[in-house]
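Data first, discussion second: the structure below is written as C-alpha cells.
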There are 2 protein chains.
Amino acid sequence: MDARPERFVAPRQQGRRLANPLARKFLNFRQLSRTDEEALDNALERVQRIGSREDIVQQGDAPRFVHVILEGWACHYKHLQDGRRQITSLLLPGDLCDPPMFLLKTAGQSLGTLTAVTLARIPAETMQAITTQSATLQECFWWDMLVRSEIQREWTVSLGRRTATERLAHLFCEISLRLKSAGMTNGVDCEFPVTQADLGDAMGLSTVHVNRSLQELRGGGLVGLRGKRLRIYNEESLRALANFEPSYLHMNQ
Amino acid sequence: MDARPERFVAPRQQGRRLANPLARKFLNFRQLSRTDEEALDNALERVQRIGSREDIVQQGDAPRFVHVILEGWACHYKHLQDGRRQITSLLLPGDLCDPPMFLLKTAGQSLGTLTAVTLARIPAETMQAITTQSATLQECFWWDMLVRSEIQREWTVSLGRRTATERLAHLFCEISLRLKSAGMTNGVDCEFPVTQADLGDAMGLSTVHVNRSLQELRGGGLVGLRGKRLRIYNEESLRALANFEPSYLHMNQ
DNA sequence: CGTGGGCTTGAGCGTGGTCAAGTTGGGTGG
DNA sequence: CCACCCAACTTGACCACGCTCAAGCCCACG
C-alpha cells in the first residue's frame with residue numbers, strides 16, 4: 001500500500017474553477033459559497049494511492065476518517081465465515097466512503113478497493129469543525145447520507161424482488177447515472193472495472209449466472225460489457241426492463 | 001385514519017423519569033442533558049393513532065416531518081408495477097421513521113403500518129432548531145441514521161447471501177435485540193405482529209417458503225412463532241445458524 | 001511465449017417459487 | 001355464547017431460476 005501523503009489541490013481547468021469531486025457532488029444539492037468550497041478543499045488531506053483489491057478499512061476497525069474516492073472504484077463488503085461474500089455498496093469517484101462513521105465505535109463492514117484507487121480523507125476533528133462552521137456543509141453531508149441510504153434501499157428491492165437480469169439492468173442504470181453526475185460519462189459509454197464475480201457478489205448471484213444474464217442483455221442489444229467498459233445501446237429498453245425510476249438518486253435537485 | 005392531535009407527554013414511573021422512547025433510544029449512545037431531553041419531548045408533537053395497514057407517507061410525497069413510532073410496527077416498502085412488493089425496513093416502537101428526509105424533495109419509498117400505530121412527529125423547522133441548538137442531539141440523530149444504515153447493509157447481506165432459514169433466523173435475532181433495547185422484551189418472548197406474507201416481502205421470499213422455513217426453525221426447537229408472539233427457545237443455536245453478530249446494532253456503546 | 005485471471009459453456013441438481021386446495025383460529029354479529 | 005367468516009396459515013404437487021461442478025477458452029501481462 002504505497003501511501004504518499006500530500007495535500008489535495010483542486011485542479012483548475014480552462015480558467016473556470018473545477019470543484020473537487022466532493023464539492024462537485026454536493027452541487028447536485030446546494031450552491032456552495034466560496035468559503036464552503038475552500039473549507040472542503042482544505043478538509044481533504046493525505047491524498048494516497050492504494051492498489052487494486054486491498055482493504056482501506058477492515059471490519060472491526062475503529063473509524064477515524066471519512067474517506068473520499070478521487071479515482072477508481074471501491075466497495076463495502078462482508079464475508080460470512082464459510083466464504084460467501086456480499087458487496088453491500090459500490091463506491092465511485094467523488095463518493096464518500098463512510099459518512100461520519102466515527103460516531104460508531106467500530107466499522108461493521110470492510111471497505112476494499114476494486115481497482116487501484118486514489119483517495120483523500122477527512123479526519124474526525126476536521127469533519128466536526130467544518131460541519132459546525134457551515135450549516136450548508138452540514139446539510140450537504142446529511143443529504144449525501146440520505147441519498148446513499150436510498151440507494152441501499154433500492155439494492156434491497158433488487159436483491160429481494162428482482163430477477164437476475166433485472167438486477168443487472170437496474171445496476172447498470174444506476175451506475176451509469178451516478179457516473180454521469182460525477183461527470184465521468186455521457187450516459188452511453190463508461191468505465192466499468194468490475195469482474196463478473198464482483199457483480200455476482202454485489203447482486204447476490206453466482207458468477208456463472210451473471211455471465212448468462214449478461215449474455216441475455218447483450219443478446220437483446222441493450223448493453224455491451226467488454227474490457228472493463230460498459231456501453232448502453234438502448235437506455236430506454238434497459239430502464240423498462242429494470243423498472244428503473246431514477247428519482248431515488250436525487251440528482252439535479 | 002382517526003387522527004387526534006395532542007402533545008406528547010413522557011410517562012413517569014416509580015419516581016424515576018422515564019424518557020420518551022426516542023430519548024430512551026439515544027441513551028444507547030449518549031447521556032442527554034435535562035435540556036436536551038426536554039427539547040426532545042417538546043419536539044414530538046401531534047401524537048396520533050393510525051390503523052393497521054395504512055400509509056403514513058406515500059412514495060413521491062414531499063417529506064415535511066420526521067415521524068417517531070411510539071407504539072406498533074411499521075415498515076418502509078416499495079411496490080414494483082407487476083405487484084411484487086419489497087419491505088426494506090421494519091420500524092419498531094422508538095424508531096425514527098424518516099430521519100431528516102425533508103432534505104430530499106420526495107420520499108423514495110412508502111411508509112406504512114403493519115399494526116395499529118401511535119406516532120408522534122417532529123416538523124422540519126423544529127428539527128432544524130433542536131439540532132442547531134444542541135450538538136449532542138445532532139450527533140444522536142446522526143448516530144441513529146448510521147445505525148439504520150448498518151441494519152440496512154445487514155439486510156443486503158441476508159437477501160444476497162443467506163438461505164431462507166438463515167434469513168429468518170437472522171431477522172429474529174435482530175428484532176429481538178432491537179425490542180430489547182427498546183425495553184420491550186426480556187430477550188426470550190416478544191410480540192411479533194407480522195404475517196408470514198409480510199415476512200416474505202421483507203426477506204425476499206414467498207409466503208409458502210416462509211412457512212416451510214419457519215417449520216424448520218420450529219422443528220429444530222429454536223423458535224416458536226404463534227399468535228403474533230415470537231419465542232426464542234435456543235438463542236445460542238439460533239445465532240449460530242444465522243451467523244448473527246450483534247455488533248452491527250451498536251447497542252450499549 | 002507462457003501463465004493465470006477472467007470469461008464462457010455444458011450438464012445436472014436443488015432451493016425456493018407457483019398454483020391450488022384445505023385448515024385453523026381470531027374477531028364480529030346475531 | 002355461539003355461529004360464521006375471512007384472513008392467515010398449512011400442505012401438496014410441480015416447476016424453474018439460479019447454483020454447483022467441471023472443463024475449456026481468451027487474452028492481457030510478464
Side-chain angles (χ1 to χ4, degrees), chain A residues 51-54 73 80 82-87 113-116 158-171 191-219 223-231 241-242, chain B residues 51-54 73 80 82-87 113-116 158-171 191-219 223-231 241-242:
Chain A
S52 184
R53 314 223 159 252
E54 292 187 29
W73 290 30
L80 303 190
D82 62 358
R84 284 176 283 179
R85 179 173 86 135
Q86 178 65 37
I87 291 179
T113 62
L114 292 170
T115 68
S158 278
L159 297 196
R161 287 300 183 223
R162 285 195 248 257
T163 66
T165 10
E166 288 171 339
R167 283 181 216 184
L168 291 174
H170 199 277
L171 183 69
E191 59 169 343
F192 203 92
V194 174
T195 67
Q196 294 185 2
D198 292 332
L199 265 180
D201 284 342
M203 297 319 258
L205 300 166
S206 69
T207 309
V208 173
H209 202 62
V210 166
N211 184 288
R212 296 200 227 266
S213 307
L214 237 28
Q215 287 176 54
E216 207 178 313
L217 290 177
R218 280 196 272 250
V223 305
L225 182 57
R226 300 201 70 75
K228 308 198 174 311
R229 291 204 75 79
L230 171 69
R231 208 172 295 258
L241 169 62
Chain B
S52 183
R53 313 223 158 253
E54 293 188 29
W73 289 30
L80 303 190
D82 62 358
R84 283 175 285 179
R85 179 174 88 134
Q86 177 65 37
I87 291 179
T113 61
L114 292 171
T115 69
S158 277
L159 297 196
R161 288 297 185 225
R162 286 195 247 257
T163 67
T165 10
E166 288 172 339
R167 283 181 217 184
L168 291 174
H170 198 278
L171 183 69
E191 59 169 342
F192 203 91
V194 174
T195 67
Q196 294 185 3
D198 292 332
L199 266 180
D201 284 344
M203 296 321 258
L205 300 166
S206 69
T207 309
V208 173
H209 202 64
V210 167
N211 185 287
R212 296 201 225 267
S213 307
L214 237 29
Q215 287 176 54
E216 207 179 314
L217 290 176
R218 280 197 272 250
V223 304
L225 182 58
R226 299 201 70 78
K228 307 201 174 310
R229 291 204 75 80
L230 171 68
R231 209 171 292 258
L241 169 62

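Order of the sequence lines sets the chain letters (A, B, ...), proteins ahead of strands, with each chain counted from 1. Values reported hereafter were calculated over all heavy atoms of this structure, with side chains retained and with hydrogens, waters and symmetry mates removed.
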Residues A:Thr207, A:Leu199; criterion side-chain contact (heavy atoms from CB on, under 4.5 Å); working and verdict
CA-CA 8 Å; A:Thr207 309; A:Leu199 265 180; over 6 Å; no
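Formation of a donor-acceptor pair under 3.5 Å by the A:Arg229 side chain with backbone atoms of A:Phe192 is not found in this model. The main-chain N or O of A:Arg53 is found under 3.5 Å from a side-chain atom of A:Thr113 such that the two form a donor-acceptor pair. With B:Thr115 contributing its side chain and B:Ser52 its backbone, the two residues share no donor-acceptor pair below 3.5 Å. Listed for the A:Arg231 side chain is no donor-acceptor partner under 3.5 Å among the backbone atoms of A:Val223. Side chain of A:Gln86 to main chain of B:Ser158: no donor-acceptor pair is present (N/O by atom type, distance under 3.5 Å, no hydrogens or angles).
Remark: C1' of C:dT8 and CG of A:Leu214 are 11 Å apart, rounded to the nearest angstrom. In this structure, the CG atom of A:Leu168 is 13 Å from the P atom of C:dC7, given to the nearest Å. Protein atom CD of A:Glu216 is 16 Å distant from nucleotide atom C1' of C:dT9, rounded to whole Å. Remark: P of C:dG6 and CG of A:Leu225 are 14 Å apart, rounded to the nearest angstrom. For the pair A:Asn211 CG and D:dT20 C1', the computed distance is 15 Å after rounding to whole Å.
The salt bridge (charged side-chain N to carboxylate O under 4.0 Å, His left out) test applied to A:Arg84 returns A:Asp82, B:Glu166, not counting sequence neighbours.
Taken from CG in A:Leu205 to OG1 in A:Thr163, the straight-line distance is 9.0 Å, to the nearest 0.5 Å.
Within the 4.0 Å cut-off from OP1 or OP2 of C:dT8, at least one side-chain nitrogen or oxygen of A:Gln196 is found. Within the structure, a side-chain polar atom (N or O) of A:Gln215 is placed less than 4.0 Å from OP1 or OP2 of C:dT9.
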Could you run down nucleotides 15-21 of chain C 5' to 3' and tag each one B, S or - for protein heavy-atom contact under 4.0 Å?
-BSBB--
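Among D:dT10, D:dA8, C:dT8, the nucleotide with an atom closest to any side-chain atom of A:Arg218 is C:dT8.
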Protein-nucleotides 25-30 of chain D N/O pairs closer than 3.5 Å?
none

